[in-house]
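What follows is a set of notes on a single structure, which appears directly below.
Throughout, a chain's letter reflects where its sequence line sits, starting with A, and its residues are numbered from 1. These figures come from a predicted structure and were not determined experimentally.
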2 protein chains.
Amino acid sequence: MKIELSFTEENYLKAIFSLSTIKESAVSTNDIANKLETKASSVTDMIKKLAEKKLVDYKKYQGVSLTKSGRKRAVSIVRNHRLWEVFLFEKLEFSWDEVHELAEQLEHIYSDKLTEKLDAFLDHPTHDPHGDPIPDKDGNIELEKNHALATIEVGITCVVVGVRDSSSLFLKFLDNSKIKLGSTLKVLHKEDFDNSMLVKIDNEERSLSNQITKNLFIKEVE
Amino acid sequence: MKIELSFTEENYLKAIFSLSTIKESAVSTNDIANKLETKASSVTDMIKKLAEKKLVDYKKYQGVSLTKSGRKRAVSIVRNHRLWEVFLFEKLEFSWDEVHELAEQLEHIYSDKLTEKLDAFLDHPTHDPHGDPIPDKDGNIELEKNHALATIEVGITCVVVGVRDSSSLFLKFLDNSKIKLGSTLKVLHKEDFDNSMLVKIDNEERSLSNQITKNLFIKEVE
DNA sequence: CGTCTAATTTATTTGGGTCTAAAAATTTGT
DNA sequence: ACAAATTTTTAGACCCAAATAAATTAGACG
Ligand SMILES: [Mn+2]
Ligand SMILES: [Mn+2]
Ligand SMILES: [Mn+2]
Ligand SMILES: [Mn+2]
């Protein structure tokens with residue numbers, strides 16, 4: 001019922017999906033090569049294969065975009081990935097910087113039934129441990145125009161809802177800084193010189209570099 | 001720290017392990033070929049690769065046996081497999097005839113940490129849903145000289161502790177027959193003609209063919 | 001038009017796994 | 001003990017997925 005794809009093919013679909021949510025237009029060969037750390041020529045090859053299988057629309061030199069079924073497949077991999085991350089984080093008590101790597105493996109174990117059972121077992125979570133939304137069974141994914149902490153005005157209070165950078169390094173830094181999803185923080189000052197920010201968190205004043213504030217997604221609270 | 005092996009290499013190790021628990025001596029090329037549904041020549045090829053990697057001891061024409069490290073690896077795959085089966089069966093509520101296929105995939109996701117976390121989450125189970133023993137972290141595995149129901153004398157009462165055949169067909173048959181691990185049954189009669197057996201189960205008399213009694217592991221109760 | 005950049009083609013490579021057919025070693029049966 | 005049968009190993013080839021370097025081409029744009 002669901003065509004067999006290799007891990008690599010699935011990873012290409014995921015990459016194209018993720019790139020096409022950033023810029024709305026067709027995705028370029030180079031961008032994909034870049035993301036997957038491979039060469040443009042390899043990407044062209046793979047794109048042809050995926051086009052054969054009707055997973056992408058492809059016109060030479062015009063970039064590539066997912067078809068209905070390609071998008072569906074990509075989203076289901078993302079759903080799988082994020083559900084496994086929740087499982088690893090909540091049930092097995094892995095830390096949020098460890099889950100991604102394992103989920104990269106687990107996401108390819110494809111079985112609709114497994115995914116749905118897992119989803120039910122986890123009580124239909126809506127977000128993964130990094131604050132990213134989990135697509136529903138039908139492939140609908142909440143597209144939240146996240147704003148980064150960096151964009152917030154002085155005086156506003158907000159709560160952390162996600163991270164842009166899920167690298168182990170950044171996540172560990174946040175752990176050490178006692179910043180996690182749900183943490184409340186108030187912007188006290190923005191430093192024009194280096195774009196760093198002074199915030200109050202846990203009744204403590206802390207300076208966060210632009211590198212950090214760019215990568216923290218927040219929601220304002222009234 | 002743990003050498004990378006392909007799925008196929010791991011499956012060969014598992015096959016050799018499983019065959020060498022049956023007959024104590026070195027395992028023959030043909031037996032492996034048979035088990036993995038491949039050709040003897042392919043097996044020889046693979047054995048050489050595994051010997052290179054010091055996972056098996058191999059002398060031409062003398063069959064093959066696992067080295068310490070080969071055995072360790074094989075056992076850890078089996079451990080992984082059976083823990084995932086428990087997870088799928090107990091937590092996700094898959095039926096016992098569905099879990100094996102998925103576990104064949106999941107067993108290859110190798111991460112010591114994942115295995116140990118899973119083990120703890122499941123509360124250190126000792127047996128999988130088919131009654132097979134789960135090796136411990138150090139690779140010790142209970143070798144129970146299982147006897148089949150077929151070998152039991154008339155008049156004895158016993159309890160089902162495992163199955164030899166884990167095929168979906170057999171397991172579904174058992175489900176339909178309301179026979180499961182822990183079921184108690186008493187042998188009323190053995191039919192010499194076709195080796196079938198008359199048993200009392202759930203206060204009901206039932207005739208079980210030799211095909212069935214050969215594949216049910218039991219423990220006598222006093 | 002000419003030039004630059006991005007994309008594609010082509011020809012090869014690498015790695016993993018398998019197979020057939022023929023040769024060699026071992027086992028079996030008398 | 002020896003020929004026949006069986007098992008195992010070799011040698012050579014094939015196939016597939018994926019990647020690459022190098023050469024070529026298309027598009028964009030001043
Ligand atoms: Mn992730
Ligand atoms: Mn995530
Ligand atoms: Mn199994
Ligand atoms: Mn089992």
Taking only residues two or more places apart in sequence or in another chain, which ones pass salt bridge (Lys or Arg N to Asp or Glu O under 4.0 Å) with A:Glu191? none
Those residues at least two apart in sequence (or on a different chain) that pass salt bridge (Lys or Arg N to Asp or Glu O under 4.0 Å) with B:Lys53 are B:Glu9
Using a 4.0 Å cut-off on protein heavy atoms (strictly under), produce a 5'-to-3' string for nucleotides 24-30 of chain D with B for base contact, S for backbone-only sugar-phosphate contact, and - for none. -BS----
Which residues pass the side chain to side chain donor-acceptor pair (under 3.5 Å) test with [X], not counting sequence neighbours?
X: A:Glu220; result: none
X: B:Asn30; result: none
X: B:Asp138; result: none
X: A:Thr115; result: A:Asn80

Along DNA chain C, first and last positions that approach a heavy atom of chain A under 4.0 Å: C:dA6 to C:dT9
Using a cut-off of 4.0 Å on non-hydrogen atoms, how would the nucleic acid contact of A:Tyr58 be classed: base, sugar-phosphate, or nothing? sugar-phosphate
For B:Gln105, what residues pass the side chain to side chain contact (heavy atoms under 4.5 Å, CB included) criterion, not counting sequence neighbours? A:Ile109
For B:Val78, the side chain to side chain contact (heavy atoms under 4.5 Å, CB included) test, sequence neighbours excluded, returns B:Lys14, B:Phe17, B:Arg82, B:Pro135
Has B:His130 got a side-chain atom pairing as donor or acceptor with B:Trp96's backbone, closer than 3.5 angstrom? yes
Those residues of residues 34-53 of chain B lying under 4.0 Å from DNA chain C by at least one heavy atom: B:Thr38, B:Lys39, B:Ser41, B:Ser42, B:Asp45, B:Met46, B:Lys49
Residue-level proximity of residues 14-22 of chain B to DNA chain C when a heavy atom falls under 4.0 Å: none
